[in-house]
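Numbering of residues begins at 1 and proceeds along the displayed sequence.
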Amino acid sequence: MDERFLPLASRLGVLVADPGIAVQLVDPRDVADRIAVLLAAGPSRQVENFGGPEVETSEEIVRAWLRATGKRRPVFSLRLPGKTPRAMREGALTTTDQPTGTRTWRAYLAERYTPVRDSQA
């Protein structure tokens, strides 16, 4: 999961999230595991969609990141204009295909940030 955008955006003081955009984050380790399975199965002419185990809104993702990092920033809910955000609100970043990854966004955040807080205590 690539979270590089969130620290950069949080420097502005406020984070903007479209609460209607659904996102299905997938952990890169899950992607690597799935690719290994597909490679072991041999050549195929099929294309497979692969997503994470949960569908969350961009606002839920931002708020979970703020909680995990201990940052205090306001989150401004804003319906973003344009074709791309509209496609995202219509589910362009999600899939109902199976299989899916197993690692959730919250599990990733706990793994990434809890040890840092414990070591600072």
Once salt bridge (charged side-chain N to carboxylate O under 4.0 Å, His left out) is applied, do any residues pair with Arg73, and if so which ones, sequence neighbours excluded? none
Backbone N/O of Asp18 and side chain of Ser58: donor-acceptor pair under 3.5 Å: yes
How close do Ser10 and Trp65 get, heavy atom to heavy atom, and via which atoms? OG-CH2, 3.9 Å
Taking every non-hydrogen atom, the tightest pair across Glu54 and Trp105: OE1-N, 4.4 Å
In the structure I gave you, are the side-chain heavy atoms of Glu48 and Asp97 within less than 4.5 Å of one another anywhere? no
Determine whether Leu8 and Val16 fall in the same hydrophobic cluster, where Ile, Leu, Val, Met, Phe, Trp and Tyr are linked whenever their side-chain heavy atoms lie under 4.5 Å apart. no
Working to the nearest 0.5 Å, report the span between CG of Leu6 and CG of Leu66. 7.5 Å
Hydrophobic cluster membership, with links at side-chain heavy-atom distances under 4.5 Å among I/L/V/M/F/W/Y: are Val37 and Phe50 in one? no
Distance-minimising heavy-atom pair for Ala9 and Leu15: CB-CD2, 3.4 Å
Arg63: what forms a side-chain contact (heavy atoms from CB on, under 4.5 Å) with it, not counting sequence neighbours? Glu59, Arg67, Val75
Restricting to non-hydrogen atoms, name the atom on Thr94 and the atom on Gln24 that form the minimum distance, rounded to 0.1 Å. CA-OE1, 3.2 Å
Under a single-linkage definition using a 4.5 Å side-chain heavy-atom cutoff for Ile, Leu, Val, Met, Phe, Trp and Tyr, are Val55 and Val31 assigned to the same hydrophobic cluster? no
Give a yes or no on this: more than 12 heavy atoms of other residues, nucleotides or ligands lie within 6.0 Å of atom CZ of Arg79. no
Close side-chain approach of Arg106 to Glu56, heavy-atom, < 4.5 Å: yes
Any Asp33 side-chain heavy atom under 4.5 Å of Arg103 side chain: yes
Would you compute the distance between atom CD1 of Ile61 and atom CD1 of Ile21 and round it to the nearest 0.5 angstrom? 10.0 Å
Working to the nearest 0.5 angstrom, can you tell me the gap between Phe76 CZ and Leu12 CG? 14.0 Å
Please give me the minimum heavy-atom distance between Val26 and Gly52, naming the atom from each residue. CB-N, 3.6 Å
Under the criterion side-chain contact (heavy atoms from CB on, under 4.5 Å), which of Thr100, Ile35, Thr102 is the partner of Asp30? Thr102
Could you tell me the separation between the OH atom of Tyr108 and the CZ atom of Arg29, rounded to the nearest 0.5 Å? 8.5 Å
